[in-house]
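For reference, the structure discussed in these notes is given below.
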Number of protein chains: 2
Amino acid sequence: MRVPRANSREKILAAAADVAREAGPGSLSLEAVASRAGVSKGGLLYNFPTKAKLMQGLVESYLSDFQKALEARATEAGHESVLSAYIKLSADDCERPKPSASWMFSAIAEDPDFLTPIKAFKRQLFERLKGETDDLGSLLVCFLAIEGMRSMNLFDSDVLSEDERKLLVSSLLKIAG
Amino acid sequence: MRVPRANSREKILAAAADVAREAGPGSLSLEAVASRAGVSKGGLLYNFPTKAKLMQGLVESYLSDFQKALEARATEAGHESVLSAYIKLSADDCERPKPSASWMFSAIAEDPDFLTPIKAFKRQLFERLKGETDDLGSLLVCFLAIEGMRSMNLFDSDVLSEDERKLLVSSLLKIAG
DNA sequence: TTTACTGTACCGGCTGGACGGTCTTGTCAA
DNA sequence: TTGACAAGACCGTCCAGCCGGTACAGTAAA
């Protein structure tokens, strides 16, 4: 793929995420994204010929970022399990001020099928974790608790306090062994 | 409040949930809801003067149903804790073929603030559970795992198999004590 | 009993506006 | 000069909300 005059693609993807977060998932119009990215509507549609392609781009970049981050954590400290890496990575993600995936609601509103790759990725990750442990019950609890944490973060629910989340993470790490 | 000729309100709320589930959260138009409910658009707008009021109605009826179901479970078998009741209730909810809250994405797309009452409800429930146990860590893990289960159900992720979910629930009940 | 009036419940066409996507024109680097 | 790319006016579509109308139940005066 040729590189654009300026790498508009990433700017646009970031802008889309920002708009979804700040203006609400229902207000993710192409015009808003273009304006936010400092690009004209025509320019946006040049990079992403359709809104669906834009959503798809968001999903793909999210997934590849996540994959890379997980791999980095899992290998950098070779002693810890993938599950521990996943727990810590998710905890860090949730501590960041901006929920990284608030665009997801826009994607769902557009077409729920956009999430199919994410579901597949999750199932794949789960299978990988299953091969790493012999206590399926504990794994399930951990995996779902992380899912819950991520979901709360996504919904912008400040239901848990800072301390509670820290306690949760340490409890999960203990269960993960 | 006078009772309507037929209780259209509930019919409309149910229809809205159905449309959101089947046509996708982005296709929740007033016309679609009215048609599904066997009511004209004018009739719908008579009962819910604005789309926002309809969403609000969905949230309120969801919350009151949930509250009632939880109370019923918690008192019917007085021996079990509220946490156990919550776990079992959520497990049953997730086993039902139709996700009961798929309208939530429509509400979020419309305006994320619609979820405020739900967040408040969750926090309130969590506080209540905190008063029931002395092991905050375990409670956190359970609470978040349930959240994860509900979220997966909401996203229609069949990431977990039937057996896995059963194992998860039994593990949670064991942790809950 | 009849007739006229009132308020409730509901109908469905209409409109103004927003949005997605196209098309033509402009621009700049090579 | 050329072609990759940006700009933004433009068009068709869709939808929320409005509004004038209809049907009907209750009431009450005649």
Side-chain angles (χ1 to χ4, degrees), chain A residues 1-59 103 105-114, chain B residues 1-59 103 105-114:
Chain A
M1 185 186 304
R2 301 182 83 293
V3 323
R5 203 177 308 182
N7 57 348
S8 301
R9 274 187 71 94
E10 288 174 21
K11 262 198 319 186
I12 290 172
L13 289 175
D18 287 348
V19 170
R21 187 183 328 106
E22 290 166 18
S27 306
L28 190 71
S29 69
L30 295 187
E31 275 164 358
V33 173
S35 148
R36 176 70 177 238
V39 161
S40 77
K41 197 173 161 187
L44 194 165
L45 286 174
Y46 180 81
N47 287 279
F48 298 94
T50 175
K51 198 179 189 183
K53 295 277 186 194
L54 175 61
M55 297 303 182
Q56 200 178 320
L58 281 168
V59 171
W103 50 264
F105 293 123
S106 308
I108 295 176
E110 201 70 22
D111 184 351
D113 287 345
F114 283 128
Chain B
M1 186 188 302
R2 298 181 86 298
V3 322
R5 204 178 306 181
N7 57 348
S8 300
R9 273 187 71 94
E10 288 174 22
K11 262 199 317 186
I12 291 172
L13 289 176
D18 287 348
V19 171
R21 188 184 327 107
E22 290 165 21
S27 305
L28 190 71
S29 69
L30 295 188
E31 273 164 358
V33 173
S35 150
R36 176 69 175 239
V39 162
S40 76
K41 203 164 150 192
L44 194 166
L45 287 176
Y46 179 80
N47 287 278
F48 298 94
T50 177
K51 199 178 187 183
K53 295 277 185 191
L54 175 61
M55 299 302 182
Q56 199 177 319
L58 281 168
V59 171
W103 49 264
F105 294 123
S106 309
I108 295 175
E110 201 69 23
D111 183 353
D113 287 345
F114 283 129

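Sequence lines set the chain letters: A, B, ... in the order given, protein chains first and strands last, and positions in each chain run from 1. Computed from a predicted structure; not experimentally measured. Every heavy atom of this structure was used, including side-chain atoms; hydrogens, water molecules and symmetry mates were not.
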Open item on the list: Between A:Phe48 and A:Leu13, is there a side-chain heavy-atom distance shorter than 4.5 Å?
Closed with: yes
- [ ] Scan for side chain to side chain donor-acceptor pair (under 3.5 Å) pairs involving residues 19-34 of chain A, sequence neighbours excluded, and state none if there are none.
- [x] A:Asp18-A:Arg21, A:Glu22-A:Arg36
TODO: Look at B:Tyr46 and C:dA9 and indicate whether a side-chain polar atom (N or O) is within less than 4.0 Å of OP1 or OP2.
DONE: yes
Task: Rounded distance (Å) that lies between atom C1' of C:dA9 and atom CD of B:Glu10 - done: 17 Å
Task: Minimum-distance pair of heavy atoms, taken over all atoms of B:Ala20 and B:Trp103 - done: CB-CA, 3.7 Å
Task: Separation of atom CZ in B:Arg9 from atom C1' in C:dC10, rounded to whole Å - done: 16 Å
Open item on the list: Output the rounded distance in Å from NZ (B:Lys53) to P (D:dG17).
Closed with: 12 Å
Task: Side-chain N or O of B:Asn47 closer than 4.0 Å to phosphate OP1/OP2 of C:dC10 - done: yes
- [ ] Starting at the 5' end of nucleotides 14-20 of chain C, put B wherever the base has a protein heavy atom under 4.0 Å, S where only the sugar-phosphate does, and a dash everywhere else.
- [x] B----SB
Open item on the list: Nearest to the A:Leu45 side chain among C:dT22, D:dA7, C:dC11, which nucleotide is it?
Closed with: C:dT22
TODO: Using atom CG of B:Leu44 as one end and atom P of C:dC10 as the other, report the distance to the nearest whole Å.
DONE: 11 Å
Open item on the list: Side chain of A:Ser40, heavy atoms from C-beta onward: which of D:dA4, D:dG17, D:dG8 has the nearest atom to it?
Closed with: D:dG8
Task: Contact summary for B:Val33 and B:Ala15, nearest pair of heavy atoms - done: O-CB, 3.8 Å
Open item on the list: Please report the interatomic distance CD(B:Gln56) to CG(B:Asp111), rounded to the nearest 0.5 Å.
Closed with: 11.0 Å
TODO: Rounded to the nearest angstrom, tell me the gap between atom CD1 in A:Ile12 and atom C1' in D:dA6.
DONE: 11 Å
TODO: Answer yes or no: is there a side-chain heavy-atom contact under 4.5 Å between B:Leu54 and B:Leu30?
DONE: yes
